[in-house]
Q: 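Shown below is the structure under consideration.
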Amino acid sequence: MEADVSGRRRRPLAAALLLLAACLAPALPSSDARAQPAESDARAQPADSDARAQPAEAPEALFQQGTAALGRGEYGAAIDTFELLADRGFVHPDASYNRGLAYVLRVREGADRPGDLGRAAAAFEEALRLRPGDTDADRALDLVRAEITRRRSRRAADAVDARPTLDRVIVGLASERTWAAAALLASLLLAVGVVLRRRPAGPAHVAGSVLAPTALVALLALVPLTVAARHLRLTTRAGVVVVPEVRLLDEGGRALPVAEQTPIPEGASVEVGRRSGGLAEVRWGATEGWVPASSIRLLAP
């Protein structure tokens, strides 16, 4: 469900991003994080620290409450409110962004819980999926992942970055709809080329002789890409690791040999497939396996 929250957005974002950068700078004292991280253009209702216990509250009112709590430095209350919105299916990039900011600020306050930075990364990535090209969310996501890497290196843990396999890279170049449209265009060009080839010798015949095989090759490539994109859309969902790290298991929940795997770090993006009991099948780069479902935050589709 997406609701209109215009007039209650997180702007001014420039100030929020400057604060976010300051929050991830370990040299700054914690008292510097008490400034207003986000403002609402409309009057906000008082935040309730037990927001999850108010099932009848309207989504727009909860959005205002969460933003107001964020501005007052009540980060736990803001997190509860924005998580409640997510639990109810409220989908909006500003709600996702503010949720991520609340987690980051709780980390800066020193009141963080394991996985807070991963949940912040999930929120900012979700904001980017809902509003592609959002430079503020993109920059915030980079800052959070840089902080995760810094903390891992401080614990002498290896910084790992799994790159997607070639098939995922190619399929991900465009959406299913784009691949389907391109395949349809290729089929039309193939039909035109076949018709032109049947003309008597001349420019039209030459054009058809070139167009028909070219369109056929394109069609043979675009149809599998369309099918693959559709299969991924129907069988997988984007997720982010929200625990300090997670190791892969087999389908029965048994740990794989340590030598055969690299733990997936907090904040890493994964593809989530089937569910079985309390386990979820994931793909991380070229690595596939099962992890506890609670270690992954699914993003809004």
Q: Can you list everything that forms a side chain to side chain contact (heavy atoms under 4.5 Å, CB included) with L299? Sequence neighbours excluded, please.
A: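 For L299, the residues satisfying side chain to side chain contact (heavy atoms under 4.5 Å, CB included) (neighbours in sequence not counted) are A122, E125, E126, R129, A238, V240.
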
Q: Could you list the residues that satisfy side chain to side chain donor-acceptor pair (under 3.5 Å) with D250, not counting sequence neighbours?
A: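 Per chain and number, D250 pairs via side chain to side chain donor-acceptor pair (under 3.5 Å) with R254.
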
Q: Students often mix this up, so state it plainly: with edges at 30° and 60°, are the rings of F90 and F63 parallel, tilted or perpendicular?
A: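 The arrangement is tilted - the two ring planes meet at 30° to 60°.
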
Q: Identify, with sequence neighbours excluded, every residue that meets side chain to side chain donor-acceptor pair (under 3.5 Å) alongside R274.
A: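 Expected list: E281.
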
Q: Under the side chain to side chain donor-acceptor pair (under 3.5 Å) test, which residues partner T226, sequence neighbours left out?
A: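 T226 satisfies side chain to side chain donor-acceptor pair (under 3.5 Å) with no residue once adjacent residues are dropped.
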
Q: For R230, check salt bridge (charged side-chain N to carboxylate O under 4.0 Å, His left out) against everything at least two apart and list the hits.
A: E176

Q: Just jot down the side chain to side chain contact (heavy atoms under 4.5 Å, CB included) partners of V171, sequence neighbours excluded, or say none.
A: L225, A228, A229, L232

Q: Tell me which pairs pass salt bridge (Lys or Arg N to Asp or Glu O under 4.0 Å) where either residue lies in residues 292-301, with sequence neighbours left out.
A: E83-R297

Q: With sequence neighbours left out, what residues match A123 under side chain to side chain contact (heavy atoms under 4.5 Å, CB included)?
A: R99

Q: For S187, give me all partners under side chain to side chain contact (heavy atoms under 4.5 Å, CB included), at least two apart in sequence or on another chain.
A: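 So S187 forms a side chain to side chain contact (heavy atoms under 4.5 Å, CB included) with L184, L219.
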
Q: Any salt bridge linking D116 with R106? Criterion: basic side-chain nitrogen under 4.0 Å from a carboxylate oxygen.
A: yes

Q: Listing request: all salt bridge (Lys or Arg N to Asp or Glu O under 4.0 Å) pairs with a residue in residues 209-224, at least two apart in sequence or in separate chains.
A: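 Matches after skipping sequence neighbours: none remain.
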
Q: Can you give the donor-acceptor pairs under 3.5 Å from side chains of residues 188-212 to other protein atoms, not counting sequence neighbours?
A:
| residue | atom | partner | partner atom | Å |
| --- | --- | --- | --- | --- |
| H205 | ND1 | R197 | O | 2.7 |
| H205 | ND1 | R199 | O | 3.3 |
| S209 | OG | H205 | O | 2.8 |

Q: Which residues pass the side chain to side chain donor-acceptor pair (under 3.5 Å) test with T178, not counting sequence neighbours?
A: S175

